[in-house]
Number of protein chains: 2
Amino acid sequence: MRMHNPPHPGEIIKRLCLEPLGVSVTEAAQALGVSRKTLSSILNARASISPEMAVRLSIAFGTSAESWLNHQTQYDLWHAEQRRKLLRVSKLAG
Amino acid sequence: MRMHNPPHPGEIIKRLCLEPLGVSVTEAAQALGVSRKTLSSILNARASISPEMAVRLSIAFGTSAESWLNHQTQYDLWHAEQRRKLLRVSKLAG
DNA sequence: TAATTATGTAACGCAATAGGTTACAGTCAG
DNA sequence: CTGACTGTAACCTATTGCGTTACATAATTA
């Protein structure tokens, strides 16, 4: 299990994409082709990176869509692992 | 962009987990703590691996939850990439 | 043969979520 | 002050993960 709470992908977008380029949330939302609300929700950790959004980010920022989805996976997984003990699952192998 | 259509994670569960162990869908669903329908939907590519399900699989089969989510990511991403051209997105960098 | 078991799936319901629009309040630069 | 940018609330829709119940079919077993 991962030790540290991974950052929400929205923080990464802010730090690595918007701030270095000096792009506003409004501008970025327009470029990405989504509503300002949609991007804002992601930036403020209220929504996730969907596969489609990952592709949008890859086009707008020249990054790999896979890396964005992986960030989201790490984030989701960490939170799911926190509830591991609550799941009543019996071992079949391993 | 990935060249070949990645298999749905359900196929991987079937081939790598259920069949080698000779476990039935009903038995596996009970062990995983989900309904038979839920597991069947995944096995027949009608539903995805949720983060919680990935943790369940990791407990039942002694695998890593991350690998299951990654399989799902690859599958989702490939389908999202197929629609890349339909997205109206403008470049901001890269 | 008759009964049981396993499987897929349809029809429901529920809760969550990704997306949209509109509208409002607050901040900040000119 | 004015205008731009931002967060967010309210409301809508479509989708999805999961549950239960029920049914038809196939396969196994008594």
Side-chain angles (χ1 to χ4, degrees), chain A residues 8-11 13-15 17-60 65 68-69 71-73 75-77 79-84 86-89 92, chain B residues 8-11 13-15 17-19 21-60 65 68-69 71-73 75-77 79-80 82-84 86-89 92:
Chain A
H8 188 280
E11 290 184 34
I13 298 176
K14 233 183 285 181
R15 285 210 326 274
C17 300
L18 303 196
E19 292 174 358
L21 293 171
V23 179
S24 74
V25 175
T26 302
E27 287 170 329
Q30 287 170 348
L32 289 166
V34 300
S35 73
R36 185 170 65 83
K37 177 195 182 301
T38 294
L39 179 57
S40 177
S41 296
I42 292 172
L43 295 179
N44 294 285
R46 298 173 184 280
S48 309
I49 308 278
S50 66
E52 182 183 299
M53 179 61 72
V55 174
R56 290 182 190 274
L57 290 167
S58 79
I59 299 174
W68 290 113
L69 276 192
H71 283 307
Q72 186 63 53
T73 293
Y75 182 84
D76 290 341
L77 185 55
H79 289 276
E81 291 279 12
Q82 300 303 113
R83 283 156 188 72
R84 172 181 281 260
L86 304 177
L87 306 178
R88 286 198 243 87
V89 180
L92 287 170
Chain B
H8 189 281
E11 290 184 34
I13 298 177
K14 234 184 283 181
R15 285 210 325 275
C17 299
L18 302 197
E19 292 174 359
L21 293 171
V23 178
S24 74
V25 176
T26 302
E27 285 170 329
Q30 287 170 346
L32 289 165
V34 300
S35 74
R36 185 170 63 86
K37 178 195 182 301
T38 293
L39 179 57
S40 177
S41 296
I42 293 171
L43 295 179
N44 294 286
R46 297 170 185 282
S48 310
I49 306 279
S50 66
E52 183 183 300
M53 180 61 72
V55 175
R56 290 182 189 274
L57 290 167
S58 79
I59 299 175
W68 290 112
L69 277 192
H71 283 307
Q72 187 63 54
T73 292
Y75 182 85
D76 291 341
L77 185 56
H79 291 275
Q82 300 304 112
R83 282 154 188 74
R84 172 181 279 261
L86 304 177
L87 306 177
R88 287 200 242 86
V89 179
L92 287 170

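Each chain gets a letter, A, B and so on, in the order the sequences are listed, and its residues count up from 1.
Residue contacts for Ser24(B): at a heavy-atom cut-off of 4.0 Å it reaches the sugar-phosphate backbone alone, with no base atom in range. Among the atoms of the strands shown, none is found under 4.0 Å from any heavy atom of Ser41(A).
Residues His71(A) and Tyr75(A) keep their aromatic ring centres 6.0 Å or farther apart.
Ser40(A) places no side-chain N or O within donor-acceptor distance of the main-chain N or O of Lys37(A), the cut-off being under 3.5 Å.
For the residue pair Thr38(A)/Ser41(A), the side-chain donor-acceptor check at 3.5 Å is not satisfied.
Between Leu43(B) atom CG and dG8(C) atom P the separation is 7 Å, expressed in whole Å. Rounded to whole Å, atom P of dG19(C) lies 16 Å from atom CG of Leu86(B). What separates NE2 of His79(A) from P of dA16(C) is a distance of 17 Å, to the nearest Å. Across the protein-nucleic acid pair, Arg36(A) atom CZ and dA18(C) atom P stand 19 Å apart, rounded to whole Å. A straight line from CG of Leu18(B) to C1' of dT7(C) spans 13 Å, rounded to a whole angstrom. In this structure, the CD atom of Glu52(A) is 7 Å from the P atom of dG19(C), given to the nearest Å. Counting to the nearest Å, the P atom of dG20(C) and the NZ atom of Lys37(A) are 9 Å from each other. Between the CZ atom of Arg88(B) and the P atom of dG20(C) there is a distance of 12 Å, rounded to whole Å.
Looking only at side-chain heavy atoms (C-beta outward), Leu92(A) and Leu32(B) stay at 4.5 Å or farther from each other. Gln30(B) has its side chain within reach of Thr26(B): a pair of non-hydrogen atoms, C-beta onward, lies under 4.5 Å apart. In this structure, Leu57(B) and Val89(A) have side chains that are not in contact, with every pair of non-hydrogen atoms separated by 4.5 Å or more.
DNA chain D is contacted by both Arg56(B) and Val23(A); Val23(A) maps to the nucleotide lying nearer its 5′ end (nearest heavy atom per residue). Of the two residues near DNA chain C, Thr26(B) and Gly33(A), the one whose nearest nucleotide lies more 5' is Thr26(B).
Distances from the side chain of Ser50(A) to the nucleotides dT9(C), dG19(C), dA6(C) place dG19(C) closest. Considering only side-chain atoms of Ser35(A), the nucleotide from dT7(C), dT9(C), dG20(C) that sits closest is dG20(C).
A salt bridge links Arg84(A) with Glu81(A): the distance from a Lys NZ or Arg NE/NH1/NH2 to an Asp or Glu carboxylate oxygen falls below 4.0 Å.
Once you apply a 4.0 Å limit to the heavy atoms of chain B, the touched nucleotides of DNA chain D run 5' to 3' over dG17(D) to dA22(D).
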